[in-house]
Amino acid sequence: MQIHRLTQARIKRLLIKFTFLATAALLSASAWADHSWNNYHWARTANPLPLVAVDSVDNSWQAEFDATLLAWSGTPNVLTVVKGATDDSFKARKQCKAVSGQIRACNAAYGYNGWLGLASIYLNSDGHITQGTAKVNDSYSSYWESQAEKNHVMCQEVGHLFGLTHTSEDGTSQGTCMDYSNSDSSQWPNTHDFEQLALIYEHLDAYNSYDDSGTTPPSGDGGGGCNAPPGKGCNKNGAGPVGVLVHRGKLEEIWVAPRENGGLLIQHVRLAPRGYPGSRAGK
């Protein structure tokens with residue numbers, strides 16, 4: 001989509017701001033992850049980070065979603081992910097509305113729009129994650145005939161919601177779902193992923209941006225909630241990414257859009273390979 005030049009300039013300023021904040025944090029921490037994107041993360045006052053995941057997948061993705069939550073909870077001193085509310089109605093899966101302080105996974109036939117998976121990460125004005133959604137596109141049903149790829153993509157999209165990006169984009173396998181390999185060894189997180197999470201969440205923050213039913217973030221974000229109607233404002237996910245394309249690789253894209261509360265919406269897109277309807281991979 002086209003964005004007004006003023007909006008593009010605003011996005012650029014916000015990215016510079018968050019890069020500065022990440023650099024300042026880097027100087028105060030012993031190390032940071034080498035496959036985190038701009039070092040964004042959930043704010044929390046103590047570890048482990050307890051995240052609640054809303055279940056909006058139907059039976060065709062339930063096993064992969066459950067296995068993904070279990071796999072990412074493999075480092076209890078850093079991160080735990082538990083299943084919260086379940087709403088697998090067609091409307092809930094199609095809209096996949098972000099929930100303040102939580103993450104949500106959804107599947108639906110979103111159309112032949114060129115993407116297999118879409119992770120949406122909502123940052124507040126401090127650059128902290130406040131909510132996130134992971135969507136898998138059932139329109140490409142023939143691609144999902146591979147069980148390994150179903151596991152891979154679900155695991156990867158949820159992994160983005162913690163602040164991780166890809167370990168590689170050249171198709172080689174690092175034995176993790178955060179790479180872009182079709183190898184059977186790339187279905188789940190590996191030890192390196194957990195090491196990166198430990199580094200990302202090594203320092204503590206002054207408030208919690210996840211749903212802790214008590215602590216309120218500083219004024220100006222209200223907990224990161226999006227009150228806009230589905231398809232409008234900060235909930236204008238539609239069938240694909242929104243905002244400005246800031247990175248394109250062979251099989252992935254990153255889009256950035258401003259949020260109404262002064263933060264950013266970051267979207268990681270897993271592109272459908274060449275030969276599939278609507279594919280823009282490798283272009």
Side-chain angles (χ1 to χ4, degrees), residues 14 18 21 25 36-57 65-66 68-70 72-73 75-89 92-93 95-106 118-135 154 157-164 197 200-230 232-237 256-268:
L14 287 169
F18 290 154
L21 291 174
S36 66
W37 193 88
N38 211 31
N39 292 324
Y40 60 65
H41 61 282
W42 292 80
R44 72 274 171 271
T45 58
N47 285 327
L49 166 66
L51 281 180
V52 174
V54 180
D55 182 350
S56 289
V57 299
F65 175 63
D66 291 345
T68 288
L69 297 191
L70 181 62
W72 280 116
S73 293
T75 175
N77 292 328
V78 177
L79 174 72
T80 60
V81 192
V82 297
K83 188 185 296 187
T86 297
D87 185 353
D88 61 356
S89 66
R93 292 187 295 109
Q95 292 179 344
C96 202
K97 186 175 180 179
V99 178
S100 179
Q102 301 182 10
I103 63 175
R104 184 175 209 152
C106 311
L118 175 63
S120 300
I121 301 97
Y122 296 76
L123 307 183
N124 64 13
S125 55
D126 297 324
H128 289 131
I129 306 173
T130 59
Q131 54 194 355
T133 62
K135 298 161 69 174
M154 176 63 77
E157 301 312 315
V158 171
H160 286 318
L161 305 184
F162 310 140
L164 293 175
L197 287 173
I200 291 174
Y201 291 96
E202 181 178 36
H203 80 287
L204 298 178
D205 300 290
Y207 65 95
N208 296 326
S209 63
Y210 66 87
D211 181 12
D212 64 351
S213 302
T215 304
T216 303
S219 60
D221 186 62
C226 176
N227 296 318
K232 302 293 183 180
C234 50
N235 268 323
K236 194 175 182 180
N237 283 359
V256 179
R259 293 184 65 195
E260 295 177 351
N261 61 9
L264 291 176
L265 169 62
I266 311 292
Q267 293 182 296
H268 288 267

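In this structure, OH in Tyr40 is found 12.0 Å from OG1 in Thr130, a value given to the nearest 0.5 Å. Considering CG of Asp126 and CG of Asp205, their distance stands at 9.0 Å, rounded to 0.5 Å.
The side chain to side chain donor-acceptor pair (under 3.5 Å) test applied to Ser89 returns Asp87, not counting sequence neighbours. Asp88 is linked by a side chain to side chain donor-acceptor pair (under 3.5 Å) to nothing, counting only residues two or more places apart in sequence or in another chain. For Phe162, the ring pair (Phe, Tyr, Trp, His ring centres under 6.0 Å) test picks out Trp72, with sequence neighbours left out. Residues forming a side chain to side chain donor-acceptor pair (under 3.5 Å) with Ser56 (at least two apart in sequence, or on another chain): Arg104. For Thr86, the side-chain contact (heavy atoms from CB on, under 4.5 Å) partners two or more places apart in sequence, or in a different chain, are Asp55, Lys83. In terms of the side-chain contact (heavy atoms from CB on, under 4.5 Å) criterion, residue partners of Val78 (sequence neighbours excluded) are, by chain and number, Thr75, Leu197, Ala198, Tyr201.
Minimum interatomic distance between Ala119 and Glu157 (heavy atoms only, all atoms of both residues): N-OE1, 3.2 Å. Across every non-hydrogen atom of Val81 and Ala53, the tightest pair is CG1-CB, 4.0 Å. Between Leu161 and Ile129, the closest heavy-atom pair is O-CD1, 3.6 Å. What you find for Leu123 and Arg259 is that their closest heavy atoms are O-NH1, 3.2 Å. Contact detail for Tyr122 and Ala98: the closest heavy-atom pair is CE1-CB, 3.6 Å. Across all non-hydrogen atoms, the minimal contact from Ser209 to His128 is OG-CB, 4.3 Å.
Side-chain contact between His41 and Leu49: absent, with no pair of heavy atoms (C-beta onward) separated by less than 4.5 Å. Residues His160 and Ile266 fail the side-chain proximity criterion, which asks for heavy atoms closer than 4.5 Å. Proximity of Leu204 to Arg44: side-chain heavy atoms (C-beta onward) are separated by under 4.5 Å at one or more points.
Ser120 and Gln267 share a donor-acceptor pair across their side chains, judged by distance under 3.5 Å alone.
Side-chain atoms of Asn47 do not come within 3.5 Å of backbone N or O of Asn77 as any donor-acceptor pair.
Of the options Thr80, Asp211, Val82, a side-chain contact (heavy atoms from CB on, under 4.5 Å) to Val52 is made by Val82 and by none of the others.
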